[in-house]
Participant: 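Got a structure for you, questions after.
Model, not experiment: these values are computed from the prediction.
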Amino acid sequence: MIILDVNKLSKNFGYGALFSDLSFSLNEGESISVVGPNGCGKSTLLKMIAGIEKIDSGTISIKKGATVAYLDQTSSDRVDDRPVADVIKDAFVSINQMAERIKKYEDKMASDIPEEEYQSVLEKYCKLVEEFSSAGGYDIDVQVKTVCNGLGIDTQMLEQIYTTLSGGEKTLVQLAKALLMKPMLFLLDEPTNHLDIARIEWLEGYLKSFRGASVIVSHDRYFLDKMSNKILDLTEMEGKVYCTNYTGYLAEKERDFEKQMAAYEDQQIVIKRLQEQIKYFAERGMATNSSTLCDRAHALQTQLDRILARKIQRPTEVKKIRMEFSEENKSSKRVFEAKNLTVFAPDQRKILDNIDLTIMSGERVALIGNNGSGKSTFVKTLLGKQPLEFSGEANVGPSVRIGYLPQIINFENDKLSVLECFKEEASVNEQKARSILARFHFYKEDVNKLVKNLSGGERIRLRLASLLQQNVNCLVFDEPTNHIDIPTKEAVESALDEFGGTLVFVSHDRYFINKFAEKCIEFSGGHIKTYLGNYDYYKRRKEMEK
């Protein structure tokens with residue numbers, strides 16, 4: 001059963017088409033993930049399907065009567081002075097309306113009305129109560145509790161005023177509301193933003209049990225692999241659908257590229273040979289006044305024209321960010337060492353309790369655990385950037401040269417332009433600064449943007465550009481793949497592949513953890529536990545421990 005059908009869709013914002021003649025369809029139970037570079041129209045496509053953005057041409061058809069839930073990236077901008085619990089219960093619009101009608105019938109029956117009217121109201125009341133029950137009206141609290149428990153929305157947050165929440169918390173609330181709507185079509189724009197691994201995996205399980213269709217935009221490659229059975233690639237304007245998950249899409253796209261490149265090169269050989277033959281026969285025909293040779297040249301030109309009319313375009317490779325860490329080889333054998341480390345919150349609650357941990361030179365260590373488990377606190381304590389009171393020892397080896405990428409990136413003077421800021425931090429001249437910044441996709445006027453106006457992804461790119469100019473033998477990253485698109489993630493990963501020093505990172509990105517972690521350290525309840533492997537190994541061991 002088709003839930004969504006998109007046919008020859010086009011969108012143009014006046015400065016060029018985002019996409020044109022875009023077509024795909026979704027059946028019940030199917031999930032399509034939309035991928036492509038920033039600015040290709042992924043979020044715009046979701047807004048068009050949701051009816052928020054107008055269509056220039058083409059059609060979008062949604063199954064008659066199908067409910068649609070849309071989670072967008074701007075949910076944190078919404079203002080609502082009600083408690084969070086009331087905002088979440090907006091998911092049950094029709095049920096809430098039925099509840100109001102039931103209350104009116106109850107009030108009417110409790111009043112002094114004639115017997116005949118009472119029987120009529122009672123009949124309508126019973127019918128509505130049955131409808132209310134079938135729609136799950138009596139299970140609302142159970143449904144809310146299930147979703148809120150899964151997403152880690154506790155009683156305290158439910159009682160808070162929605163407007164007072166952080167951006168991440170607001171996104172979490174809007175996600176809960178979207179899930180509780182139980183629509184036939186989900187439109188999810190970056191649903192895993194601000195979620196830790198436990199919440200992401202709960203969300204995956206919840207969505208897997210969902211019978212409708214979903215359109216997903218995400219930079220979480222592990223999530224895309226788990227959730228997608230179709231990929232819509234918007235790299236080219238007309239888009240292309242791959243009937244596979246994200247890993248399968250990468251392999252198929254590479255084969256498509258190689259096939260098109262081979263066909264292009266073969267055709268170029270034919271074109272060049274024909275051009276040479278045409279030139280030869282035309283010149284010889286003119287020189288000898290031979291109509292036979294001239295006819296031959298004309299026939300070959302006709303053949304060439306037919307080929308050029310079906311000319312194969314050279315496949316274009318996406319311009320990748322190029323980065324390479326400047327490495328200081330000498331390092332202390334013991335890079336970080338914590339002994340009986342206890343860190344206290346302002347109320348004297350123990351965030352970390354009696355931690356013992358040694359990280360050796362060359363190790364690649366992932367710090368994992370739920371939000372609030374103390375991972376970033378541990379990192380900041382080791383680096384001397386933690387204002388909280390602590391006891392025990394937190395030592396850094398004397399020859400360790402650290403490159404640190406914090407979770408929240410601030411610059412000393414955010415009123416500077418990108419170019420001015422980078423020149424100051426990297427101590428390079430303007431020409432070299434422009435050259436390096438271009439490698440991080442800061443082109444032309446981009447370098448004149450004020451730092452305070454940069455997006456999260458742009459801030460990470462600028463900080464990485466500065467970081468890579470330093471001589472380091474240890475990298476400490478706190479959520480390095482947050483706010484950056486897949487091509488930038490791949491560029492970071494490529495640079496880390498070549499880095500021979502120590503790598504310590506906090507991450508909820510399971511793809512990234514799998515790629516780099518040789519050791520996973522789980523933070524839970526103020527304590528740690530070490531697993532000697534990547535994320536998939538950690539998951540297998542956790543299953544065995546149950």
Side-chain angles (χ1 to χ4, degrees), residues 2-6 9 11 18-19 22 24-36 40-56 58-80 82 84 86-96 143-144 147 150-151 153 162 165 167-195 199-200 203-204 206-220 223-224 227-228 230 232 234 239:
I2 292 180
I3 303 293
L4 172 68
D5 185 64
V6 175
L9 194 66
K11 184 63 181 177
L18 276 178
F19 38 76
L22 179 66
F24 68 93
S25 62
L26 273 183
N27 293 311
E28 186 177 305
E30 287 187 327
S31 177
I32 191 166
S33 294
V34 189
V35 301
C40 69
K42 300 186 292 292
S43 295
T44 300
L45 175 61
L46 261 62
K47 288 177 181 177
M48 293 169 77
I49 297 171
I52 297 169
E53 191 74 52
K54 75 179 185 69
I55 299 169
D56 289 346
T59 60
I60 295 175
S61 303
I62 298 173
K63 183 178 179 293
K64 188 175 180 180
T67 51
V68 179
Y70 170 51
L71 176 75
D72 68 355
Q73 292 188 53
T74 61
S75 54
S76 60
D77 297 336
R78 295 176 188 168
V79 176
D80 196 319
R82 294 177 298 159
V84 166
D86 290 349
V87 174
I88 287 176
K89 286 181 179 179
D90 282 349
F92 307 100
V93 176
S94 60
I95 291 178
N96 291 338
Q143 293 177 55
V144 170
V147 170
L151 292 177
I153 299 174
Y162 179 79
L165 299 179
E169 289 170 333
K170 286 180 179 177
T171 301
L172 205 60
V173 171
Q174 293 299 327
L175 176 58
K177 190 170 86 171
L179 295 175
L180 286 165
M181 286 174 67
K182 295 185 178 177
M184 292 190 72
L185 178 63
F186 260 131
L187 306 173
L188 301 171
D189 197 352
E190 297 292 356
T192 62
N193 273 6
H194 309 291
L195 301 187
R199 285 165 166 159
I200 293 171
L203 176 62
E204 287 170 350
Y206 193 96
L207 291 175
K208 282 287 186 183
S209 65
F210 169 61
R211 292 183 56 198
S214 56
V215 185
I216 298 170
V217 172
S218 178
H219 292 138
D220 185 332
F223 183 77
L224 293 180
M227 301 310 303
S228 311
K230 285 183 177 180
L232 172 61
L234 289 183

Participant: Please name the pair of heavy atoms, one in Phe24 and one in Leu45, separated by the smallest distance, quoted to 0.1 Å.
Facilitator: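 So the two residues come closest at CE2-CD2, 4.2 Å.
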
Participant: So, using salt bridge (charged side-chain N to carboxylate O under 4.0 Å, His left out) as the criterion, who are the partners of Lys89 when residues are at least two apart?
Facilitator: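 Residues passing salt bridge (charged side-chain N to carboxylate O under 4.0 Å, His left out) with Lys89: Asp141.
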
Participant: With a 4.5 Å cut-off on side-chain heavy atoms, are Leu4 and Ile60 touching?
Facilitator: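 Heavy-atom side-chain distance check passes, below 4.5 Å.
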
Participant: Report yes if the side chains of Phe92 and Gln143 come closer than 4.5 Å at any heavy-atom pair, otherwise no.
Facilitator: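 They are in contact (side-chain heavy atoms under 4.5 Å apart), so the answer is yes.
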
Participant: Indicate the atoms forming the closest heavy-atom contact of Ile2 with Lys63, along with that distance.
Facilitator: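 Answer, listing the atom of Ile2 first, then Lys63: O-CB, 3.8 Å.
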
Participant: Sequence neighbours excluded, which residues qualify as side chain to side chain donor-acceptor pair (under 3.5 Å) partners of Lys54?
Facilitator: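 For Lys54, the residues satisfying side chain to side chain donor-acceptor pair (under 3.5 Å) (neighbours in sequence not counted) are Asp56.
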
Participant: Side chains of Met227 and Leu207, heavy atoms from C-beta outward: is any pair under 4.5 Å?
Facilitator: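 Counting from C-beta outward, Met227 and Leu207 do come under 4.5 Å.
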
Participant: Any chance you could lay out the side chain to side chain contact (heavy atoms under 4.5 Å, CB included) test for Leu172 and Arg199, step after step, and finish with the verdict?
Facilitator: CA-CA 10 Å; Leu172 205 60; Arg199 285 165 166 159; 3.9 Å; yes

Participant: To the nearest 0.5 Å, what is the distance between CG on Leu179 and CE on Met181?
Facilitator: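 Spacing of CG (Leu179) from CE (Met181) equals 10.5 Å.
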
Participant: Taking the side chain as every heavy atom from C-beta outward, state whether Gln174 and Tyr162 have any pair of such atoms under 4.5 Å apart.
Facilitator: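 A side-chain contact exists here, since the closest heavy-atom pair is under 4.5 Å.
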
Participant: Does the Lys42 side chain pair with the main chain of Gly36, one donor and one acceptor, at a distance under 3.5 Å?
Facilitator: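 Side chain of Lys42 to backbone of Gly36, a donor-acceptor pair under 3.5 Å: yes, one is there.
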
Participant: Any side-chain heavy atom of Lys47 within less than 4.5 Å of one from Leu187?
Facilitator: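 No, every pair of side-chain atoms sits at 4.5 Å or beyond.
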
Participant: With rounding to the nearest 0.5 Å, note down the distance linking CD1 in Ile200 to OG1 in Thr192.
Facilitator: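 It comes to 5.0 Å.
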
Participant: Which heavy atom in Gly239 sits nearest to a heavy atom in Leu234, and how many Å separate them?
Facilitator: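 Scanning both residues, the minimum pair turns out to be CA-CD2, 4.2 Å.
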
Participant: Using side-chain heavy atoms (C-beta onward) and a distance below 4.5 Å, is Phe223 in contact with Pro191?
Facilitator: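 Counting from C-beta outward, Phe223 and Pro191 do come under 4.5 Å.
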
Participant: How far apart are the closest heavy atoms of Ile62 and Ile49, and which atoms are they?
Facilitator: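 Looking at all heavy atoms of both residues, the closest pair is CD1-O, 3.8 Å.
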
Participant: Any side-chain to backbone donor/acceptor pair from Ser31 onto Ser228? Under 3.5 Å, distance only.
Facilitator: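 The answer is no, because no donor-acceptor pair under 3.5 Å joins these two groups.
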
Participant: Got a salt bridge between Glu53 and Lys11, using NZ or NE/NH1/NH2 to carboxylate O under 4.0 Å?
Facilitator: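 Lys11 and Glu53: salt-bridged.
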
Participant: So, taking the atom named OG1 in Thr171 and the one named CD in Glu190, what distance separates them when rounded to the nearest 0.5 Å?
Facilitator: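 It comes to 10.5 Å.
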
Participant: Any side-chain heavy-atom pair from Leu71 and Phe186 closer than 4.5 angstrom?
Facilitator: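 Not in contact.
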
Participant: To the nearest 0.5 Å, how far apart are CG in Leu180 and CD1 in Ile95?
Facilitator: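 So the gap between those two atoms works out to 10.0 Å.
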
Participant: Shortest non-hydrogen contact from Ile88 to Ala176?
Facilitator: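 Smallest interatomic distance, heavy atoms only, reads CD1-CB, 4.3 Å.
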
Participant: Distance from Asp189 atom CG to Leu46 atom CG, nearest 0.5 Å?
Facilitator: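 If we round to the nearest 0.5 Å, Asp189:CG and Leu46:CG are 5.5 Å apart.
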
Participant: Do Leu203 and Leu175 have side-chain heavy atoms sitting under 4.5 Å apart?
Facilitator: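 Of all side-chain heavy-atom pairs linking Leu175 with Leu203, at least one is under 4.5 Å.
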
Participant: From Ile32 CD1 over to Ile216 CD1, what is the distance, rounded to the nearest 0.5 angstrom?
Facilitator: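 It comes to 10.0 Å.
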
Participant: If you compare all heavy atoms of Asp5 against all heavy atoms of Ser25, which two are closest, and at what distance to 0.1 Å?
Facilitator: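 Heavy atoms only, the tightest pair is OD1-CB, 3.5 Å.
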
